[in-house]
Structure formats: structure tokens, C-alpha cells
> 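Let me begin by handing over the structure; questions about it come next.
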Amino acid sequence: MTDALAPHQPDATPAVYDAATLAVLAAMEEAAEKHLDAIRPHNTKRGYANDWALWSEFHGWLGERTGQALPLTAVTKGTLVGFVVWLDTIKLAAPNSIDRRITGVTVTARNEHGVEVPKAATVAARQALKPLKNDPERMARGRGKAAAVTPEQLRQMNAAVTDGVTGLRDRALWLMAFGIAGRSAEVAALRADTITYVSQGLEVHVPAVKGRPPRDVVVHYGKNVDTCPVRAWLTWRAAAGITSGPAFLPITVHGHLGNHTLSPEAVREIIARNAEKAGIAVRLTGHSMRAGFITTSRKAGKREEKIREQSGHAENSPAFWGYIREADKWTDAASEDIGL
């Protein structure tokens with residue numbers, strides 16, 4: 001009686017199939033994947049493609065720091081957790097966005113590259129993500145424009161800059177980004193031989209990136225030595241001994257210069273890291289320098305067309321006019337001097 005009432009113990013021995021059965025099962029698996037792919041929404045497919053592109057960017061960033069390029073199919077516990085940390089600290093992604101990226105990378109690895117991601121890897125990635133979802137500031141990411149840096153904050157960053165060649169590069173990089181109103185990809189693509197020193201300052205060729213047209217801008221000497229992009233660039237150039245090639249180079253922890261260009265992600269990381277070190281109250285990103293130039297220039301009374309020449313915005317750009325409205329909101333405000 002006791003044996004009859006005992007719970008059934010399933011047979012742990014895996015089923016063994018003959019070659020013909022295995023062939024049919026494999027064909028059914030392939031057909032199922034094709035069917036699921038066919039009914040998957042276009043937006044989902046596009047999202048997965050973007051997730052994999054970010055995964056590729058992460059591997060490039062990782063390779064710059066380790067000196068070893070890993071295959072994109074290396075979706076492991078270590079790389080997936082590292083991806084979460086990179087998205088959080090470098091890309092400043094919202095936690096819910098990171099969660100979707102984990103899924104996109106896992107699905108793409110399996111469906112497009114034949115790699116079955118270990119469950120332990122996805123579990124660990126979401127464990128790393130869990131505390132981020134409990135942070136209100138992180139959850140609010142992506143719900144507004146990048147904070148525009150101010151000259152006062154640039155001076156604050158300068159006061160906290162590290163000694164040595166790394167500090168010289170970092171200061172020159174963020175001040176150049178501000179001076180040219182540059183996107184991170186544009187700053188990364190700058191070349192030393194197309195930054196020309198003249199008596200008034202610098203003539204800078206900003207190369208074309210992501211289909212946007214190139215532009216030539218001028219960067220004037222600043223009145224404040226600590227935030228003058230011209231002096232910062234000349235000091236960095238002399239210290240690095242560069243006359244051609246990439247304007248800004250990677251630097252190892254031992255202070256050795258690399259010989260290849262920085263990635264846009266590295267540019268953003270340098271700006272964010274230095275702002276955090278300086279104790280800036282708001283979170284600054286690579287775009288903060290671009291936004292900061294536009295608002296600061298406008299507050300100084302510069303004409304809209306001159307500002308657009310520097311930033312490369314189209315005349316009807318909603319983003320540009322948003323920055324202008326932000327800069328102008330306290331100028332002749334409707335509530336000013338109305339007898340209250």
C-alpha cells in the first residue's frame with residue numbers, strides 16, 4: 001500500500017532516438033524558429049538588431065581596455081553582467097531598457113548565431129539589474145533632455161582634474177567638445193592634422209559622422225585660462241607629441257598612449273567620469289557639452305545662425321530651437337516688471 005501511494009518518480013534517463021527521428025525533430029526545430037521569426041513584429045526585430053549593435057559596441061569598448069577582442073558569440077555570465085554595468089554607467093540607459101537589451105542579445109545569439117546562452121548568465125545579469133530598478137534616478141533616465149553644462153561646471157571639472165597626461169587629455173577633450181558644440185562621435189573622429197592653430201584660436205574641421213555633413217568651425221581663445229579650449233588643446237598636443245592622426249588617444253592605467261582613435265562611448269565615459277569626480281550635482285553626458293555650448297552662446301547674445309554654424313543643426317531642427325527657448329526663457333520674461 002505504501003508503495004502504491006508514493007509519488008511517481010519520473011525516469012531520469014533521456015530518450016534515445018534513431019537517426020531518422022532525430023532528423024525529423026531537427027527539421028521541426030528549424031521550422032519552428034522560422035515560423036516564430038516570421039510572426040515576430042517588425043519593431044521587435046529592429047529592436048533586437050539595435051540590441052546586438054550595442055552588444056558589438058560593448059565588445060569594442062571592452063577590447064580597448066583589455067587589449068583582447070572577444071568574439072561576439074561569447075555571451076557568458078561575465079560578459080553579460082559586464083554589459084549591464086556598461087549600459088548603466090557608460091550609456092546611462094534606463095533599467096527597463098537594459099532588461100530589454102538582455103533579452104535581445106540572448107535571442108539574437110540563439111537565433112542568428114546558434115549560441116545557446118547559459119541560464120546562469122541571464123540570471124546573473126538580471127541580478128545585477130535588480131538594484132538598478134530600485135533607484136528612482138536611474139528609472140527616470142531617458143525621460144528628458146541631457147543636462148546642459150555651464151561654464152561654472154566646467155571650471156568645477158577643471159579643479160578636480162587629475163595630474164599627468166590623462167588629465168591633460170580629459171580636459172582638452174571636454175573643452176573641445178564644448179567649443180565645437182560636438183557630438184561624442186564627432187569628437188572621437190577629430191584629427192590632429194585638421195585642427196589648425198591661428199592667432200585668434202583654432203580652426204577645426206569636424207568630420208562627417210553617421211551621415212551628417214562635415215563642417216568647419218572656429219574656436220576662439222577663452223578669457224578664463226582654466227576653461228580655454230585653445231590652451232587646453234595646445235597643452236595636450238605638446239604633451240602627447242601628436243601632429244597627425246586621432247586628436248584624442250586612449251591612455252593605459254600606466255600612462256602609455258595608444259595609437260588608435262577613441263570610440264564615441266569612450267568620449268562619453270570620460271566626460272561623465274570627470275563630471276562625477278568633480279561632484280557636479282546633475283548627471284552630465286557627452287551631449288551635455290553640445291547643449292551647454294548652445295545655451296551659453298545664446299545667453300551671451302550670439303545670433304542663432306552663428307550658433308547653428310557651430311553646432312551643425314538644421315535651420316528647422318526642433319532640438320536646436322528647444323535649446324534656444326531654454327536659454328531665452330528668463331530674457332524679457334512675461335512675468336518680469338509687470339507691477340507685482
Side-chain angles (χ1 to χ4, degrees), residues 54 57-58 60-61 64-65 85-94 137-138 141-142 144-190 195 202 204 206-207 209-210 217 219 222 224 226-233 235-236 240 246-251 253 258 261-297 310-312 319 323:
L54 277 171
E57 284 188 24
F58 164 66
W61 175 87
E64 287 181 356
R65 279 145 188 80
V85 174
W86 178 77
L87 288 171
D88 172 53
T89 60
I90 305 304
K91 304 295 279 187
L92 303 180
E137 289 189 8
R138 284 182 165 92
R141 287 176 178 173
K145 297 181 297 184
V149 71
T150 66
E152 292 77 14
Q153 290 170 335
L154 291 175
R155 288 191 281 274
Q156 190 176 341
M157 289 171 66
N158 175 75
V161 75
T162 57
D163 294 328
V165 68
T166 300
L168 296 178
R169 180 206 60 186
D170 291 0
R171 179 172 55 191
L173 182 148
W174 77 62
L175 288 174
M176 182 68 78
F178 185 92
I180 67 171
R183 303 172 178 89
S184 295
E186 293 172 342
V187 176
L190 290 175
I195 301 176
L202 301 173
V204 182
V206 182
V209 297
K210 297 183 178 179
V217 303
V219 179
N224 190 314
D226 291 338
T227 53
C228 174
V230 179
R231 296 181 179 90
W233 163 253
T235 303
W236 152 248
F248 299 105
L249 300 169
I251 303 174
V253 293
T261 186
L262 291 172
S263 66
E265 291 69 37
V267 170
R268 287 190 281 268
E269 178 191 9
I270 289 168
I271 292 170
R273 183 181 67 237
N274 280 271
E276 183 177 358
K277 181 181 178 182
I280 304 298
V282 296
R283 184 182 293 274
L284 298 184
T285 69
H287 208 74
S288 295
M289 299 296 150
R290 180 170 169 80
F293 175 88
I294 296 170
T295 55
T296 301
S297 184
Q310 196 82 357
S311 67
Y323 293 132

> Holding to ring pair (Phe, Tyr, Trp, His ring centres under 6.0 Å), I want the full list of residues that pass it with F58, two or more places apart in sequence or in another chain.
W55, F83, W86

> Is the backbone N or O of S311 less than 3.5 Å from a side-chain atom of R290, with the two atoms forming a donor-acceptor pair by type?
yes

> Identify the heavy atoms of F178 and M289 that sit nearest to each other, and give their distance.
CD1-O, 3.6 Å

> What pairs meet the salt bridge (Lys or Arg N to Asp or Glu O under 4.0 Å) rule with one or both residues in residues 160-172, with sequence neighbours excluded?
D170-R273

> Less than 4.5 Å apart, any side-chain heavy atom of Q310 and any of I294?
no

> With D88, which residues qualify under side-chain contact (heavy atoms from CB on, under 4.5 Å), at least two apart?
I98, L132, R138, R141

> Is it the case that the side chain of W236 and the backbone of A247 share a donor-acceptor pair, with hydrogens and angles ignored and the cut-off at 3.5 Å?
yes

> Evaluate the criterion side chain to side chain contact (heavy atoms under 4.5 Å, CB included) for residue pair V149 and I271; output intermediate values, then yes/no.
CA-CA 11 Å; V149 71; I271 292 170; over 6 Å; no

> Kindly write out the residues that satisfy side-chain contact (heavy atoms from CB on, under 4.5 Å) with T227, not counting sequence neighbours, or none if the list is empty.
L154, R155, L175, N224

> Search all heavy atoms of A147 against all heavy atoms of S288 and return the closest pair with its distance.
O-OG, 2.6 Å

> Would you give the length of the straight line joining atom CH2 of W174 to atom CZ of F248, rounded to the nearest 0.5 angstrom?
11.5 Å

> Please name the pair of heavy atoms, one in Y323 and one in A291, separated by the smallest distance, quoted to 0.1 Å.
CE2-CB, 3.5 Å

> For a quick test of reading the model, state the closest non-hydrogen atom pair linking G292 to T295 and the distance between them.
O-OG1, 3.2 Å

> Are E269 and R65 close enough for a salt bridge, meaning some N to O gap below 4.0 Å?
yes

> Which atoms form the tightest heavy-atom contact between E64 and A266, and what is the distance?
OE1-CB, 4.2 Å

> Closest approach of V206 and L190, non-hydrogen atoms and distance?
CA-CD2, 4.2 Å

> What's the separation between atom OG1 in T166 and atom CG in L173, rounded to the nearest 0.5 Å?
12.0 Å

> Compile the donor-acceptor pairs under 3.5 Å between side chains in residues 277-286 and protein atoms, sequence neighbours left out, one pair per line.
| unit_1 | atom_1 | unit_2 | atom_2 | d |
| --- | --- | --- | --- | --- |
| K277 | NZ | A160 | O | 3.4 |
| T285 | OG1 | H287 | N | 3.3 |

> Atom CD of Q156 and atom CG of D226: how far apart are they, to the nearest 0.5 Å?
12.5 Å

> I'd like to check the side-chain contact (heavy atoms from CB on, under 4.5 Å) partners of R231; sequence neighbours left out, ordered by chain and number.
Y221, V225, C228

